[in-house]
Every structure is written in structure tokens, then in C-alpha cells.
Amino acid sequence: MANAIDLNNASLPKLPIDAPKYDRDTVSVGIAHIGAGHFHRAHQAAYINLLLQQGLAHEWGICGIGVMPADWTMRDVLNGQDGLYTLILENPDGSRDAQVIGSIVDYRYAPDDPESALEVLAAPSTRIISLTITEGGYRDPDGPAFTLITQALARRRDRGIPAPTIASCDNIENNGEVARRTVLASAERLDPELAEWVAQHARFPSSMVDRITPATTLEMAAEVRRDFGVNDRWPVVAEPFTAWVLEDDFADGRPPLERAGVLLVDDVRPYELMKLRMLNAGHQCLAYFAHLCGYRLVHEAAQDPLFAKFLLAYFDTEAIPTLPPVPGIDLHEFGRTLVQRFANPAVRDTVARLCAYSSDRIPKWLFPVICDNLASDGPVQMASAAVASWARYAEGVDEWGEPYEVVDQLADSLIPIARSQRDNACAFIEITAVFADLSHQHRFVEAYRWALDSLHSKGARATLDALVR
């Protein structure tokens with residue numbers, strides 16, 4: 001659309017799509033969120049926006065905190081658009097719902113101005129610090145996110161400001177405890193007495209977050225201009241489905257999240273395990289086979305009956321038997337719904353996104369299923385084949401001899417090892433930093449070696465066909 005309207009505070013009354021009806025000037029920061037990328041903007045920020053629309057959360061606005069050099073893009077876009085952005089929900093029937101989200105009212109970029117970011121994190125009004133820093137972001141207590149948090153906690157203690165709630169929204173089992181351990185390790189290095197203060201006063205609720213959200217592209221921005229008449233430099237696109245289950249354990253108050261559809265519980269673990277071992281692990285089961293079969297979009301693979309059968313077989317025979325009952329949810333129906341969500345053609349999620357950073361993801365999402373089934377003498381064939389498909393994918397060359405990029409923090413070591421596995425079939429799973437002792441588990445090794453041999457000799461599609469038959 002030639003006359004698209006630039007997105008900012010001044011243009012809100014003129015926008016042709018739903019936009020904040022509340023006065024954003026009256027919204028103060030109560031939540032500092034580290035890692036305000038596409039998922040946060042499609043999920044947590046949308047929930048807070050819904051509360052603001054109801055007049056319920058004016059002291060709970062969000063300040064995004066960027067800690068990585070690559071966050072400069074988000075800094076420039078959000079600062080240029082007064083924190084506003086467009087959320088597009090892609091319905092399975094091809095229709096789309098667009099709205100402008102206004103809950104991010106500030107943004108600080110720590111690489112340029114760490115003092116500014118620290119002061120937001122240490123402010124008395126900031127009562128929740130939340131995080132989406134990816135699964136690998138919790139490995140290092142000296143990483144930028146945790147160094148910043150720890151320094152802010154030290155200021156709060158020294159100034160007599162109450163400790164905040166620190167809420168992980170990342171896809172990690174028991175993510176609240178993982179965040180707690182990493183913060184305490186970082187605090188211990190700075191000052192053991194600070195670690196004691198944090199352990200006593202801060203809270204670290206675990207959560208389960210769920211909404212399929214592909215990474216933003218320039219094409220998405222062009223479509224928002226063309227189809228909705230809004231000039232948004234970095235919109236976010238997501239599926240309509242969303243869920244947030246959160247432990248109701250806060251240090252210094254919280255927004256009325258239940259009024260926005262958040263499920264507040266005493267124990268998030270059943271929901272968390274369901275999501276990680278079905279949705280997240282299911283994505284890994286699909287991704288590498290999909291790439292090897294030539295698919296580049298997730299929905300195209302999920303619409304393939306062979307892939308749907310494989311996913312359902314993994315859910316029904318391997319994932320679900322390792323799960324505790326989940327209140328109010330039929331797990332087998334949840335699995336069928338996941339296949340439908342993966343197959344939504346409007347979301348246009350990429351196989352490449354699911355294949356990236358596998359060494360962080362597969363050990364957290366798929367290995368627990370394998371280990372639990374090994375311990376209970378349950379089946380491991382589907383999950384082991386998914387691991388083998390990762391090993392085959394990590395060779396970086398497809399079945400037609402074409403090279404592709406393997407995106408992983410360990411890529412420099414993984415790729416040469418993967419390329420040696422035609423001579424040593426167990427070379428990949430002998431990487432103990434990733435696989436621990438799985439290479440010594442006979443049933444896993446047997447299933448893995450069968451699948452890897454089949455992938456090499458017969459190809460990905462024939463391997464899937466043999467698995468589901």
C-alpha cells in the first residue's frame with residue numbers, strides 16, 4: 001500500500017487495524033524483559049497488552065533489555081516506533097488478524113549503555129525480570145544476561161530495594177530452578193553474601209510458554225505494509241494458539257495475569273514436560289528428516305501423511321508414556337492437535353529455524369524421553385531415529401550432494417565428526433559433552449545405528465516409511 005502509515009504513538013488514532021486504546025503515557029515499567037525478540041513480542045508482551053486494554057496493568061509495562069550485539073536491530077526498530085509493533089495471527093483458513101501491541105514502553109541496549117539497563121533492572125518499580133535468552137543462554141553464569149542481573153541485584157540490596165521475581169520463559173525443563181541456579185552461581189562469584197540475599201528474597205517461578213512464532217523477515221514487514229497499511233519495520237507473525245502456565249510464586253506482586261488467560265498453578269511441571277517432550281521434541285523429530293527430504297517449510301512436511309504418522313507414533317508410543325497426567329488435558333488429543341498446528345500453512349515456519357542450535361535443544365527435549373524409556377524398558381526407536389536424523393543432517397550435505405549451512409554453537413566440531421560416521425557409526429554419539437553416556441546404552445545404540453545406516457543407504461523417506469510400518 002503506497003500510503004502506509006508509519007507506526008508510532010502519534011499515528012495510533014489513524015491506524016486501520018486494532019491498536020491500543022489506553023493512554024500509553026500513563027503506563028510505567030514494572031517488568032524488565034531480557035531478550036525482547038519475536039517470541040516475547042508474540043507471547044508475554046501480548047498478554048500484558050491485553051491487560052492494559054482492560055485497564056488492569058498500568059504499572060506493569062515492559063522495558064525490553066537487549067544484551068547481545070545482534071539486538072541493535074530491535075533497539076533501532078522499537079525506539080523508532082515508540083515500542084509499538086504489529087502482531088499478525090495467521091489462521092489455518094488463510095485469514096489473518098492484525099493488532100498493534102503497546103505494552104513495551106521502553107527499550108535499553110546494554111552493549112551501548114550498560115548503566116541505563118542496570119538502572120531499569122535495579123529500579124524499585126521493576127518488580128519482575130523475565131527472560132527469553134534461548135536454551136543455551138543458561139550455560140554460563142558469566143554471560144551478559146546473568147552478569148547484568150547480578151549487578152542489578154547487588155544495587156537493589158545495597159539500596160534497600162526488595163528483590164524481584166526472576167521468571168524464565170525459555171523452553172527448559174524446570175526453567176525456574178535452572179534460572180535460580182545460574183543467578184546464584186553468578187551472584188556467588190561477585191559476593192557470597194549477595195547470593196545468600198538473593199536465595200532468601202528473590203523468587204524464580206517456572207513457566208510453560210507455547211506459541212509457534214517464526215522469526216521475523218523483511219517479507220513479513222512488506223506484507224504488513226501491503227495488506228494492512230501499516231509501515232512496521234519489524235512486525236511479528238504467530239499462530240493463533242497461545243498458552244502460558246506459570247507458578248504463582250512472586251516476590252513483590254504481579255499483574256492479574258489470570259484475567260488475560262494465563263493459568264496460574266502451584267506446580268507447572270506436568271504442563272512443562274508435556275510441552276517440551278511433545279511440541280519441542282516433536283519439532284526436532286520432524287526437522288532433520290524434513291530437511292533431508294527436501295522440505296524447507298514446516299507446514300509442508302507436517303501435511304505429508306508420512307511425517308504425520310511418524311510424529312503421532314513418537315507422541316503415542318514414546319513421549320506420552322513418560323509423562324505424568326496433566327490436569328484437564330487429553331495427551332493423545334494434544335498430540336493430534338500439535339500435528340494440525342505444525343501443518344498450519346499460514347504460519348510459514350521454516351525447517352531451518354527448527355534445525356538450528358540442535359546441540360542446545362535435543363539434549364533438553366529429546367534425551368529425557370529416551371532416558372526415561374530406557375529406564376522403564378519402553379520403546380526408543382522413534383526418538384533414536386530422530387537423533388540419527390540430526391547426525392545425518394550435521395554432515396552438511398543433502399542426499400543430492402548439495403551443501404548447506406549447519407547453524408550450531410558446536411558446528412566446527414560437530415560437522416567433521418558427523419562426516420566421519422560412515423566409517424565409525426557411533427562417532428557422533430560418542431561426543432560426551434552432548435550425549436553423556438548414551439553411547440553406552442545398548443538399546444539406544446542399536447536403534448540409532450539402524451536408523452543412521454538406513455539414512456545413508458536408503459535415504460530419509462525410506463527410513464521414515466520403515467519406521468511407521
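Predicted model only: the values in this text are computed from it and were never measured. Hydrogens, waters and symmetry mates play no part in the numbers below; they use all other heavy atoms, side chains included.
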Run the numbers on Asn344 and Glu90 for side-chain hydrogen bond (donor to acceptor under 3.5 Å, both in side chains), then give the verdict.
-> CA-CA 8 Å; Asn344 182 344; Glu90 299 278 7; over 6 Å; no
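- Separation of the Phe435 and Phe367 ring centroids falls under the 6.0 Å cut-off.
- At least one side-chain heavy atom of Ile212 sits under 4.5 Å from a side-chain heavy atom of Phe342.
- A side-chain hydrogen bond (donor to acceptor under 3.5 Å, both in side chains) with Tyr138 holds for exactly one of Thr182, Asn175, Asp170; it is Asp170.
- Looking at heavy atoms from C-beta onward, His283 lies in side-chain contact with Leu279 at the 4.5 angstrom threshold.
- Between Phe307 and the options Tyr314, Tyr288, Tyr295, a ring pair (Phe, Tyr, Trp, His ring centres under 6.0 Å) holds for only Tyr295.
- Gln340 is not listed as a side-chain neighbour of Pro92, based on a closest heavy-atom distance of 4.5 Å or more.
- Arg211 places a side-chain N or O within 3.5 Å of a backbone atom of Phe241 that can act as its donor or acceptor partner.
- You'll find the side chain of Gln53 reaches within 4.5 Å of the side chain of Tyr22, heavy atoms only.
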Would Arg277 and Glu173 satisfy salt bridge (Lys or Arg N to Asp or Glu O under 4.0 Å), going step by step from the backbone distance to the final call?
-> CA-CA 9 Å; Arg277 297 187 181 193; Glu173 191 172 323; 3.8 Å; yes
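- Taking a cutoff of 4.0 Å between a charged side-chain nitrogen and a carboxylate oxygen, Asp76 and Arg233 do not qualify as a salt bridge.
- Here the side chains of Val387 and Ile370 are in contact, with some heavy-atom distance below 4.5 Å.
- For the pair Arg341/Asp210, a side-chain contact is recorded, criterion being any heavy-atom separation below 4.5 Å from C-beta on.
- Taking the six-membered ring where the residue is Trp, Tyr47 and Trp244 present perpendicular rings, their angle passing 60° and hence far from 30°.
- Judged purely by atom type and a 3.5 angstrom limit, Arg361 has no side-chain atom pairing as donor or acceptor with the backbone of Gly136.
- Annotation: side chain of Phe204 is not in contact with side chain of Glu177 (no heavy-atom distance under 4.5 Å).
- Looking at Arg155 and Glu119, a side-chain N of the basic residue comes within less than 4.0 Å of a carboxylate O on the acidic one, giving a salt bridge.
- For the pair Asp82 and Arg24, the salt-bridge criterion is not met [side-chain N within less than 4.0 Å of a carboxylate O].
- Ring geometry for His201 against Trp197 counts as tilted: the plane angle lies between 30° and 60°, on a 0 to 90° scale.
- A side chain to side chain contact (heavy atoms under 4.5 Å, CB included) with Val29 is found for one member of Ile62, Val105, Ile104 and no other, namely Val105.
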